[in-house]
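In what follows, a single structure is set out as structure tokens and then discussed.
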Amino acid sequence: MKHNNLLLLNKEQLKSVTVLDGPLLVIAGAGSGKTRVITYRIAFLLENGYKQNEILAVTFTNKAAMEMKQRIKKITGLNLRLLTVSTFHAFGVKILKKHGHLLGYKKNFSIYDQPDKDSLIKDILADEGPVKIDNTQLLSNFFSKIKMNQANSEDYEPEVLRLYHRYQANLKAYNAVDFDDLILLPLKLFSSYPDILKLYQDQYRHILIDEFQDTSEVQYKLIKILGRTANSVCAVGDDDQSIYSWRGANFGNIMNFQRDFRGTLEIKLEQNYRSTPVILNAANELIKKNSKRKGKTLRSVKDESEPIIIHMPQNERMEGEWIAEMIRTLLVKHNLKYHDFAVLVRTNHLTKPIEEAFLRDNLPYKVSGGISFFQRREIKDILSYLKILANPDDNINLLRIINVPRRGIGLKTIEKIANSADAKGISIYSLISSLRFGGKDKFEKKILDSLIEFVTLLDYYREKIMHPKKIAVTVKSMIEKINYWGYLLTENKKKQVAQWKYQNIMSLLNSIKDYEYDPDNLSASIYDYLNRITLNTKDEQPDMEKGKVQLMTIHSAKGLEFDTVFIAGLEEGLIPHARALSDDERILEEERRLLYVALTRAKNRLLMTSCKTRRKMGQIEDCNVSPFLEEIPERFYEYYKEKDDEQGDSSVDFFEKFRKKVLQ
DNA sequence: ACGGCTTCGACGGGT
DNA sequence: TCGAAGCCGT
Ligand SMILES: Nc1ncnc2c1ncn2[C@@H]1O[C@H](COP(=O)(O)OP(=O)(O)OP(=O)(O)O)[C@@H](O)[C@H]1O
């Protein structure tokens, strides 16, 4: 590697980058340059003769994967079309596309996201009649657990198991997979077809995993089996930052790694390049309260520190206003850009009052996470059309749009065709198609015509959309044909709303166009596009953040860093979350880790707010500050002091001064 | 079948 | 507080 590149690493990082044989485990605290190790290790491999397709790198999010690829491109100057840097899920899609037929899936399989999964479960429940557990969310979680634990399904009610089997059977019939399948099916494939496994084992000489503390059992099994004969397997992570246990993450995998990969070289990184000493020490003191952890040393390389600021606004409206005001002040004072600021919160809905304050103040911002562009009603409608074009067996998405825009097909008709399709063991789409030839007598003429017109339209556009670089134009013509604009006008009383929604659809068309004309997309197709956006729950454009304050949950801030970080809603019941407290001790420790992750996102400044009252489900409630604040030594923080020329509530001021005195 | 009106339940995190 | 589901009249 070019000499000056290796100079950007400290001694331990350098070792982690250049030792190319055997298993390697880098467990180190926040901001110690772990992600940098992965990035430079890949660059080093490429510059030492390893081919792009001999490397498999796994990251936690698609965005992290894209950014890492870009960094490597910059370092090496290479075109990286054959390098795999992806999430476990995207990797799973790749495998299933190639070999899914061996497990009985067609190439055009659909990937069901959470809403799809929910509607499938609701359909099953509607068909079942009364059952003991009819909560969709609960069942969805159970199904995940049953699927991913594989073994001990005895713990579940026979009824739940029966529903689960129906769920699985329906997925298969619809030629669809859920997110869990994207990990589990490749593993099944590799276990059942040793020759295919060998193919990949031989191919991937070097495997790298970032954020290893948040891999699940099944993901780890996949790494174990793939890495059995690799030259190196390099796992990088921090047990103190494991915050996804509710999704099956198991930081015990760190211990398992040392056990399963004989002769693991363990490297510690103890320099923190990100945060000031005050921020880092506060975080270190907090996380010390956890008992289940690998203790580690972490020293800041910085010397200057500002204290952490705590502010206790009256309510969530004033919290947002204070944050906006502070951003304006700090922006000028420290010559920062809007994107140097982030506001982190525990739950998605907490962003709302902050967003409103930013809007009032004309502060540019971007909310990441939450309801993404692709979750909007109008976008989902169009995407359902695309999904049916791609996979006609997908009953869930077919039923979503069979009467959108309204074409006179109501609940009665739907019930009739669904039952009929079920009885014949064919998809609803096939059943409607077959009505062209027989079984017409069951339907009114008007409805029959409508049904046949529907599938004829889809057949027509399916043929069109398969041609190279014709996705966007086909979709545009289809939207016009079904008169979606007219539908928007009748559905939305305000013409402005309809126009805004139509604009969104135009943005979707542009995103499709960008996708199909991007020369880096070697195999652009409707299938590939749909898979991609299903895995990209969040917005894709990487530059969208520029010049905007970032608003997000702590979970989605993992791995990121900002000059100045606000943590809003530092309240009891939020961190730790009330619903986490009812769980056991381990979950409380995870809540502490969550705050640890939040604190360690900040490079130079950290400000935290805790409201005195907050509106919850319409009701105003009194709030207490998070008990975790007491675990941070007082020498690291101070309460915000209103400026003299501002007419703050003097009793509040008094209270804060008093409180500060008492605490010291 | 459809649109308007009322009532109900959600607000833990996300690939 | 809000959107989805449920109810009712046309
Ligand atoms: N050797 C180094 N010298 C100077 N800066 C470094 C060095 N290594 C990493 N950094 C910088 O430190 C910051 C944190 O690095 P990185 O994101 O790789 O840490 P991390 O361990 O992955 O953090 P986290 O666990 O919080 O995700 C980045 O801004 C990075 O550019």
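Here is how names work: the chains are called A, B, and so on, in the same order as the sequence lines, proteins then strands, and each is numbered from 1. Given the structure is predicted, the values throughout are model-derived calculations rather than measurements.
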Discussion item. Using a 4.0 Å heavy-atom cut-off to protein, can you give one letter per nucleotide of nucleotides 2-10 of chain C, 5' to 3': B if the base is in contact, S if only the sugar-phosphate is, - if neither?
Written reply: S--S-----

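Within 4.0 Å of Asp113(A), counting heavy atoms only, lies no atom of the nucleic acid at all. Note on Tyr244(A): only backbone sugar-phosphate atoms sit closer than 4.0 angstrom, heavy atoms only; bases stay farther off. Within the nucleic acid shown, Ile243(A) has no heavy atom closer than 4.0 Å to any nucleic acid atom. Across all strands, Lys412(A) comes closer than 4.0 Å only to sugar-phosphate atoms, never to a base (heavy-atom distances).
Straight-line distance from the CD atom of Glu316(A) to the C1' atom of dC11(B): 13 Å, rounded to whole Å. Rounded to a whole Å, the NZ atom of Lys446(A) is 12 Å from the C1' atom of dC2(B). Rounded to a whole Å, the CD1 atom of Ile414(A) is 13 Å from the C1' atom of dC2(B). Computed from coordinates, the Arg407(A) CZ to dA1(B) P distance equals 14 Å when rounded to whole Å. If you measure from atom NE2 of His349(A) to atom C1' of dG14(B), you get 16 Å, rounded to the nearest angstrom. Whole-Å rounding puts the Glu355(A) CD to dT1(C) P distance at 18 Å. Taking atom CG of Asn536(A) as the reference point, atom P of dG14(B) lies 15 Å away to the nearest angstrom. If you take CG of Asp118(A) and C1' of dA10(B), they are 14 Å apart, rounded to a whole angstrom.
The listed nucleotides are dG14(B), dA10(B), dG3(B); the one nearest the side chain of Met617(A) is dA10(B). Listed nucleotides dC11(B), dA1(B), dT15(B) differ in distance to Thr61(A); the shortest reach to its side chain belongs to dT15(B). Counting only heavy atoms from C-beta on, Gln137(A) has its side chain closest to dC11(B) among dG14(B), dC2(B), dC11(B). When distances are taken from the side chain of Thr87(A) to each of dT15(B), dG14(B), dC2(B), the shortest belongs to dT15(B). Of the candidates dG3(B), dC11(B), dG14(B), dG3(B) carries the atom nearest the Glu491(A) side chain, counting heavy atoms from C-beta on. Residue Thr413(A) has its side chain nearest to dA1(B) when only dA1(B), dC2(B), dT15(B) are considered. The side chain of Arg406(A) lies closest to dG3(B) when the candidates are dA1(B), dC11(B), dG3(B). For Arg247(A), counting side-chain heavy atoms from C-beta on, the closest listed nucleotide (dG13(B), dT15(B), dA1(B)) is dT15(B).
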N/O contacts under 3.5 Å, protein versus nucleotides 5-7 of chain B?
none

Item to complete: Any chance you could encode DNA chain B as dot-bracket? Rule is Watson-Crick or G-U wobble with both distances under 3.5 Å; [ ] for pairs crossing earlier ones, | for another strand.
Response: ||||||||||.....

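Checked options Asp394(A), Asp181(A), Thr534(A); the residue passing with Tyr112(A) is Asp394(A) (criterion: side-chain hydrogen bond (donor to acceptor under 3.5 Å, both in side chains)). For the side-chain hydrogen bond (donor to acceptor under 3.5 Å, both in side chains) test with Asp381(A), the passing option among Arg400(A), Lys501(A), Arg376(A) is Arg400(A); the others fail.
Contact of the Leu56(A) side chain with the Leu208(A) side chain is not registered, since no non-hydrogen atoms from C-beta on lie closer than 4.5 Å. The closest side-chain heavy-atom distance from Phe358(A) to Leu551(A) is below 4.5 Å. Under the 4.5 Å side-chain criterion, counting only non-hydrogen atoms from C-beta, His555(A) is in contact with Arg346(A). For the pair Thr215(A) and Phe88(A), the minimum side-chain heavy-atom distance is below 4.5 Å.
Aromatic ring pairs are classed by plane angle as parallel below 30°, tilted from 30° to 60° and perpendicular above 60°; the pair Phe143(A) and Tyr167(A) is tilted. Taking the six-membered ring where the residue is Trp, His99(A) and Tyr200(A) present perpendicular rings, their angle passing 60° and hence far from 30°.
Trp246(A) qualifies as a stacking partner of the dG13(B) base, centre to centre under 5.5 Å and near-parallel within 30°.
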Discussion item. With salt bridge (Lys or Arg N to Asp or Glu O under 4.0 Å) as the criterion, how do Asp178(A) and Lys147(A) come out once you've worked through the C-alpha distance, each side chain's angles and the decisive distance to 0.1 Å?
Written reply: CA-CA 11 Å; Asp178(A) 63 17; Lys147(A) 192 175 276 193; 2.9 Å; yes

Item to complete: Would you please test Asn108(A) and Asn175(A) for side-chain hydrogen bond (donor to acceptor under 3.5 Å, both in side chains) and show each step?
Response: CA-CA 8 Å; Asn108(A) 59 340; Asn175(A) 191 26; 2.9 Å; yes

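Remark: Lys558(A) is positioned above the aromatic ring of Phe60(A), its terminal NZ or CZ atom under 6.0 angstrom from the ring centre and at most 45 degrees off the axis.
Toward the 5′ end of DNA chain B lies the nearest nucleotide of Ile447(A), the other residue of the pair Glu591(A) and Ile447(A) mapping further downstream. Both Asn141(A) and Gly410(A) lie close to DNA chain B; mapped to their nearest nucleotides by heavy-atom distance, the more 5′-ward contact belongs to Gly410(A).
Between the side chains of Asn141(A) and Gln137(A), not a single donor N or O lies within less than 3.5 Å of an accepting N or O.
The side chain of Asn348(A) places an N or O atom within less than 4.0 Å of a non-bridging phosphate oxygen (OP1 or OP2) of dG14(B). Regarding contacts with the backbone of dG13(B), every side-chain N or O of Arg346(A) stays at 4.0 angstrom or more from both OP1 and OP2.
At most 12 non-hydrogen atoms from other residues, nucleotides or ligands lie less than 6.0 angstrom from CD of Gln503(A).
Here the CZ atom belonging to Arg406(A) is positioned 12.5 Å from the OG atom belonging to Ser450(A), to the nearest 0.5 angstrom.
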